[in-house]
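Everything on this sheet refers to the single structure shown next.
Each ligand, and each atom within it, is numbered from 1 in the order the structure gives.
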Amino acid sequence: MPTRPTRAVDSAVPLLLDRRDAWMEVTLNRPERLNALDATLHGELAAALDMAAADDCRAVLITGAGRGFCAGQDLAARAFGDQPPDLGASLEAHYNPLIRRIRALRKPVICAVNGVAAGAGASIALACDIVLAARSAKFIQSFARIGLVPDSGGTFFLPRLIGDARARALMLLAEPLPAETAAEWGLIWKVVDDAALMDTARTMAAHLATQPTQGLALMKDAFDASPGNSLDDQLDLERDLQRAAGRTPDYREGVSAFMEKRPARFTGQPA
Ligand code: LHQ
């Protein structure tokens, strides 16, 4: 998989990978189709995320080239034959593994939504840990416009983030949600001016790459388990996760740095 300068638009390469000091930038790069996903891009994205998982990078930033973030499935790639298509097979083969790969990463994943995020493209953004969006971006649950149901975790993430009433209406009406409203509603972390998006996202990725990576991964475990847990279950889980965090070198370093009144130098190493 080639490594290219991040914002170069070379549509012959559907995914750009840029390994920075201790973090990785992944750019969907089919700008002429608003970075819609076909089988090739899915393959490249899966390989990039596997690389990020195995690599010693400590944060991942996902964004899109051109004026869109991702328009979901490439509809031009879905030829209709005599028989109705099995879209479930497509989810099983590509989309569900993609969402699982993002959620399983043991390092923070930032999404910089540079433009429209539609269909599964919106779900990909919501699967990330921290979502920043350009002020001009919008989120569209566009499935109803083509007779489909929201997928790629959309019906999991949306009601949890913004509540059932707003999630249902967004999905049934397929109306675009401006990035500023998405932030007001708690769908995403923050909106920034378009021109500041990538600097803001990269500064955040560089910061997270200096943080206690193991502790952050354990924190993600707590959030992932929370919706299905009772308070008792969650208290037990926090006990176990804190036990694990307390055994990491970064806990020792964090306390030492505090006591010595100096900045911590976290390594992200496991116990
Ligand atoms: C596209 C696409 C696109 C191809 C823009 N495909 N070319 C999972 C499992 C299996 C199957 C089905 O789906 C799924 C999950 C899904 O993601 S389903 C949802 C699929 N996505 C959509 O329905 C969104 C379709 N796109 C749009 O509604 C609009 O393009 C949005 C609202 C995203 C942006 O609108 P505009 O800003 O007005 O841009 P545009 O429509 O003019 O698009 C620009 C170009 O990108 C255009 O090509 P052209 O050659 O005319 O310039 C579009 O055809 C192309 N494009 N989305 N998904």
Please could you name the atoms of ligand 1 that Ala36 approaches to less than 4.0 Å, counting only its heavy atoms? 3 (C), 6 (N), 58 (N)
Do Asp74 and Arg33 sit within salt-bridge range, that is, some charged N less than 4.0 Å from a carboxylate O? yes
Which option, Asp38, Ile140, Asp74, owns the non-hydrogen atom nearest atom 32 (C) of ligand 1? Ile140
Pairwise side chain to side chain donor-acceptor pair (under 3.5 Å) hits with a residue in residues 146-168, at least two apart: Asp164-Arg168
Under a 4.0 angstrom heavy-atom cut-off, which atoms of ligand 1 come close to Leu91? 8 (C), 9 (C)
CZ of Arg145: more than 12 outside heavy atoms within 6.0 angstrom? yes
Non-hydrogen atoms of Gly119 and Ser142 that approach each other most closely: N-OG, 3.2 Å
In short, Gly268 meets Asp250 closest at the heavy-atom pair N-OD2, 2.8 Å
Would you mind checking which non-hydrogen protein atom is closest to atom 31 (C) of ligand 1, with the distance to 0.1 Å? Leu34 CD1, 4.3 Å
Got a sec: does the CH2 of Trp189 have more than 12 other heavy atoms crowding it under 6.0 Å? no
Under 4.0 Å from atom 13 (O) of ligand 1, can you find at least one protein heavy atom? yes
Polar proximity ligand 1 side, Ala120 side, N/O cut 3.5 Å exclusive: yes
Using a 4.0 Å cut-off to any heavy atom of Phe143, which atoms of ligand 1 qualify? 15 (C), 16 (C), 18 (S)
Looking only at side chains, do Asn229 and Ser226 share a donor and an acceptor under 3.5 Å apart? no
Which heavy atom of the protein is the closest neighbour of atom 15 (C) of ligand 1, given with residue, atom name and distance? Asp151 OD2, 3.2 Å
Is Thr181 reaching over with its side chain to a backbone N or O of Leu177, donor-acceptor style, under 3.5 angstrom? no
Backbone or side-chain N or O of Gln73 under 3.5 Å from ligand 1 N or O: yes
Could you label the plane-to-plane angle of the Tyr95 and His42 rings as parallel, tilted or perpendicular, counting under 30° as parallel and over 60° as perpendicular? perpendicular
Please work out whether any backbone atom (N, CA, C, O) or any side-chain heavy atom from C-beta onward of Arg67 is under 4.0 Å from ligand 1, and answer side chain, backbone, both or neither. side chain
Atom 54 (O) of ligand 1 within contact range, any protein heavy atom under 4.0 Å: no
Scan the protein's non-hydrogen atoms and note whether one is under 4.0 Å from atom 58 (N) of ligand 1. yes
Among all protein heavy atoms, pick the one closest to atom 25 (C) of ligand 1 and tell me residue, atom and distance. Leu75 CD1, 4.2 Å
Is there a protein heavy atom less than 4.0 Å away from atom 27 (C) of ligand 1? no
Could you tell me whether Lys107 and Asp56 have a side-chain N and a carboxylate O separated by less than 4.0 Å? no
Which bit of Leu37 gets closer than 4.0 Å to ligand 1, counting heavy atoms only: side chain, backbone, both or neither? neither
Heavy-atom pair of closest approach, residues Ile102 and Ala127: CG2-O, 3.6 Å
Which residue owns the protein heavy atom closest to atom 1 (C) of ligand 1, what's the atom, and how far is it? Arg33 O, 4.0 Å
Glu253 bridged to Arg262 by N-O distance under 4.0 Å: yes
Counting from 1 in the order shown, the ligand 1 atoms closer than 4.0 Å to a non-hydrogen atom of Glu32 are 45 (C), 46 (O)
Contact summary for Gln141 and Ala122, nearest pair of heavy atoms: NE2-CB, 3.8 Å
Would you mind checking which non-hydrogen protein atom is closest to atom 33 (C) of ligand 1, with the distance to 0.1 Å? Ala118 CB, 3.8 Å
Is atom 6 (N) of ligand 1 less than 4.0 angstrom from at least one protein heavy atom? yes
Show which atoms of ligand 1 fall inside a sub-4.0 Å distance from at least one heavy-atom site of Gly72. 17 (O)
Asn114 side chain vs Gly66 backbone, donor-acceptor pair below 3.5 Å: yes
Basic-acidic side-chain contact under 4.0 Å: Asp38, Arg30: yes
Using every non-hydrogen atom in the two residues, find where Leu105 and Leu49 come nearest and quote the distance to one decimal. CD2-O, 3.8 Å
Could you say whether the N/O atoms of Ala71 and ligand 1 ever approach to under 3.5 Å? yes
For ligand 1, which atoms have a heavy atom of Leu148 less than 4.0 angstrom away? 12 (C), 13 (O)
Among all protein heavy atoms in this structure, tell me which lies nearest to atom 11 (C) of ligand 1, with the distance rounded to 0.1 Å. Arg78 CD, 3.5 Å
Does atom 37 (O) of ligand 1 have a protein non-hydrogen atom under 4.0 Å from it? yes
May I ask whether atom 49 (P) of ligand 1 is less than 4.0 Å from at least one protein heavy atom? no
Checking a contact table here: which protein heavy atom is nearest atom 10 (C) of ligand 1, and how many Å away? Ser90 OG, 3.6 Å
My question is simple, although I want it checked carefully: is atom 23 (O) of ligand 1 less than 4.0 angstrom from any protein heavy atom? yes
